[in-house]
Amino acid sequence: MRVNLRRIAHTRSGDKGNTSNIAVIAYEPVFYPLIKQTLTVDAMRSIYNGTAVRGTITRYDVDGLGVLNFVLQGALGGGVSRSLAIDNYGKALASAVLRFELEVPDAWLPLLRGPQEV
């Protein structure tokens with residue numbers, strides 16, 4: 001079954017200067033290996049289609065907590081206080097990640113969070 005990431009994980013974000021920090025946190029430990037396998041740096045870059053992130057993306061795996069932490073350089077249009085784009089903050093970037101689609105086993109259906117996509 002194909003679902004959005006928001007069904008198996010949530011995000012937290014922060015920003016400092018022109019750098020955004022996005023943590024992707026699995027709702028259940030069983031979800032983490034799939035998230036880790038599919039949400040690569042290349043996948044993360046493709047989410048933004050080369051428009052939002054101008055610099056490097058670094059991924060840090062926090063296996064003990066079931067978290068992937070991404071640091072996106074050059075992601076905030078020069079910095080929150082310098083950009084004219086109101087929604088170009090870390091929260092908007094973190095929300096975009098939740099639309100990422102991945103294939104999950106049908107057996108996970110009872111564990112999924114939120115409404116099913118239409």
Please give me the minimum heavy-atom distance between [X] and [Y], naming the atom from each residue.
{"X": "Ala26", "Y": "Ile35", "answer": "CB-CD1, 3.8 Å"}
{"X": "Ala9", "Y": "Val24", "answer": "CB-CG1, 4.0 Å"}
{"X": "Asp106", "Y": "Met1", "answer": "OD1-CB, 3.4 Å"}
{"X": "Glu103", "Y": "Leu34", "answer": "O-CD2, 3.3 Å"}
{"X": "Ile8", "Y": "Leu112", "answer": "CG2-CD2, 3.5 Å"}
{"X": "Arg6", "Y": "Tyr27", "answer": "O-CE1, 3.5 Å"}

Just by distance, do the side chain of [X] and the backbone of [Y] share a donor-acceptor pair under 3.5 Å?
{"X": "Arg59", "Y": "Lys36", "answer": "yes"}
{"X": "Tyr48", "Y": "Leu93", "answer": "yes"}
{"X": "Arg7", "Y": "Arg113", "answer": "yes"}

From CA spacing to verdict: side-chain contact (heavy atoms from CB on, under 4.5 Å), Tyr32, Leu65
CA-CA 9 Å; Tyr32 180 67; Leu65 298 176; over 6 Å; no

Quick one: are Leu39 and Ile47 in side-chain contact, heavy atoms under 4.5 Å?
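Yes. Closest side-chain heavy atoms under 4.5 Å.
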
Are [Y] and [X] connected in a single hydrophobic cluster, I mean Ile/Leu/Val/Met/Phe/Trp/Tyr linked by side-chain heavy atoms less than 4.5 Å apart?
{"X": "Val71", "Y": "Val67", "result": "no"}
{"X": "Val3", "Y": "Ile25", "result": "no"}
{"X": "Tyr60", "Y": "Phe70", "result": "no"}

Give the C-alpha distance, both sets of side-chain angles, the deciding distance and a yes or no for side-chain contact (heavy atoms from CB on, under 4.5 Å) between Leu111 and Phe31.
CA-CA 9 Å; Leu111 299 174; Phe31 298 155; 3.5 Å; yes

Roughly how far, to the nearest 0.5 Å, is the [atom2] atom of [Y] from the [atom1] atom of [X]?
{"X": "Glu101", "Y": "Asn4", "atom1": "CD", "atom2": "CG", "result": "5.5 Å"}
{"X": "Asn21", "Y": "Asn69", "atom1": "CG", "atom2": "CG", "result": "4.0 Å"}
{"X": "Leu5", "Y": "Leu98", "atom1": "CG", "atom2": "CG", "result": "5.5 Å"}

Could you go step by step and tell me if Val41 and Thr58 meet the side-chain contact (heavy atoms from CB on, under 4.5 Å) rule?
CA-CA 7 Å; Val41 167; Thr58 306; over 6 Å; no

Decide side-chain contact (heavy atoms from CB on, under 4.5 Å) for Met44 and Ile22; before the verdict, give the C-alpha distance in whole Å, the side-chain angles of both, and the deciding distance to 0.1 Å.
CA-CA 10 Å; Met44 194 70 155; Ile22 299 172; 4.2 Å; yes

